[in-house]
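To keep things clear, I will list the structure first and then write my remarks on it.
Every chain is numbered from 1 and lettered A, B, ... according to where its sequence line falls, protein lines coming before strand lines.
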There are 2 protein chains.
Amino acid sequence: MGTSSEVPDIVVGRLPIYLRALTVLEAQGQEIASSHELGQRLGISSAQIRKDLSHFGEFGKQGTGYNVDYLRRQLQRILKVESELEVALIGAGDLGHALAHYDGLNKRGFRITAIFDSDPAKQGEKPCACVIQDTANMAQILREKGYKIAVIAVPAEAAQEVADTCVEAGVKVLLNYAPITLSVPAEIQVQQIDPVVHLQRMTYYL
Amino acid sequence: MGTSSEVPDIVVGRLPIYLRALTVLEAQGQEIASSHELGQRLGISSAQIRKDLSHFGEFGKQGTGYNVDYLRRQLQRILKVESELEVALIGAGDLGHALAHYDGLNKRGFRITAIFDSDPAKQGEKPCACVIQDTANMAQILREKGYKIAVIAVPAEAAQEVADTCVEAGVKVLLNYAPITLSVPAEIQVQQIDPVVHLQRMTYYL
DNA sequence: TAGATTGTTAATCGATTAACAATC
DNA sequence: TAGATTGTTAATCGATTAACAATC
């Protein structure tokens, strides 16, 4: 064991997949799952699942497997998603609206509580529980309310500037839907969602 | 060298990122780029970029670097995105509509030419160039028109069944927005987009 | 107890990096 | 030529897997 910074990124990246599978199993009323069963569902070897989990502790019982509810809670704790997290959404175009309406975020602990758009025509609209505000006020609001998580759903041309503002305002986690690679300080977490990139890595095999 | 099946998945996965960066550079009028410059922009080592490209051929010139336009075209060829590819979209909820409206797909070679939804109220609607059809007719249409690529934007409960139908109808590439791990034959390519999974792998570091 | 499955070790496998000859 | 950068090799580094003692 040791400090959490020793856990490989790639291991951390699989935990949400495990968590999701456990949530599904629990909804189905299953109380126990073995690493073998989990692995089969996810297309991952059972050894890898056990190895991954061993970075964080001992969660199973020999001869039995893992208690689904217990392991789910442990993963939520490890991933720091036990309580609800507030998310700022920047960009209220089609995608921004779709995200604002999407209850899957809410149900899984991410609450969009601020939305920004630079288009005055959209400001004042209320696509979900919160009203669309002017991007000009974003930096101040992010800092005052202490937002740590932001979702960027603006056009590619605006994304880097939005990211810079977020970082400057104290945001630590960025989910970027704009199709460009953002340049941010090393301590800032960025994940990219670009459907074209995902499609292109598959068309290679056609 | 050898057959393309020898190229590691992880290398193929980076090519779309390179392609995207080259497209940006070209739009900015830059004609030449070195592996070092590309790497700096992407947060990847120059050695890795050269190694990755070396799986497919020799595209650069010593002492100079890579011709941006030439390398971009080569990557498009390797990734099989030289010509437009037809995409079927299943699910016309908020996300489906957002995808149908998104011109970034079109501009980068993926044309949505069929949309399906099981809700009769939505059928007949025309969110983009094509009309929403009944999911009941999906299998037949996918097979007749020879769709190889489908985007799944239905609720989690319906996703596995939709995937099964797609695979049965000859689809080879699936982009899945539903928050479940799909079970498909090994030869089928699947990529998953789940914002919650992306967020959770970052909240670990908060 | 017998059967099953964990957590962990050691071996294997694969990916990344550093370094450099080739060459533009 | 001098400077720069590629493509490639070999070394390093890290991740996955197989195997098994521990134990429920």
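Interface limits on DNA chain C: the 5'-most and 3'-most nucleotides within less than 4.0 Å of chain A heavy atoms are C:dA4 to C:dT9.
At a threshold of 4.0 Å, the pair B:Arg143-B:Glu168 counts as salt-bridged, since one of the basic side-chain nitrogens sits closer than that to a carboxylate oxygen. The pair A:Arg77-A:Glu82 does not meet the salt-bridge criterion, since no charged nitrogen lies less than 4.0 angstrom from a carboxylate oxygen.
If you check every strand for non-hydrogen atoms under 4.0 Å, B:Ser46 touches nothing.
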Dot-bracket for DNA chain D: what is it, with Watson-Crick or G-U pairs under 3.5 Å, [ ] where a pair crosses earlier ones, and | for a pair to another strand?
-> ..||||||||||||||||||||||
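Residue B:Ser35 is tested with B:Gln40, B:Arg50, B:Lys51 for a side chain to side chain contact (heavy atoms under 4.5 Å, CB included); the sole match is B:Arg50.
For A:Lys51 and A:Gly65, each mapped to the nucleotide of DNA chain C holding its nearest heavy atom, the one lying further toward the 5' end belongs to A:Gly65. Along DNA chain D, the nucleotide nearest to B:Glu58 and the one nearest to A:Arg14 differ in position, and the one closer to the 5' end is contacted by B:Glu58. If you find the closest nucleotide of DNA chain D to A:Gly63 and to A:Asp52, the one lying nearer the 5' end belongs to A:Asp52.
At a cut-off of 3.5 Å, with distance as the only test, no side-chain donor of A:Asp9 or B:Tyr204 sits close to an acceptor on the other residue. Side chain to side chain, B:Arg73 and B:Gln76 fail the donor-acceptor criterion of an N or O pair below 3.5 Å. A donor-acceptor contact under 3.5 angstrom links the side chains of B:Thr181 and A:Arg20, judged on distance only. Side-chain polar atoms of B:Asp164 and B:Gln160 form a donor-acceptor pair below 3.5 angstrom. A donor-acceptor contact closer than 3.5 angstrom links the side chains of A:Gln140 and A:Glu144.
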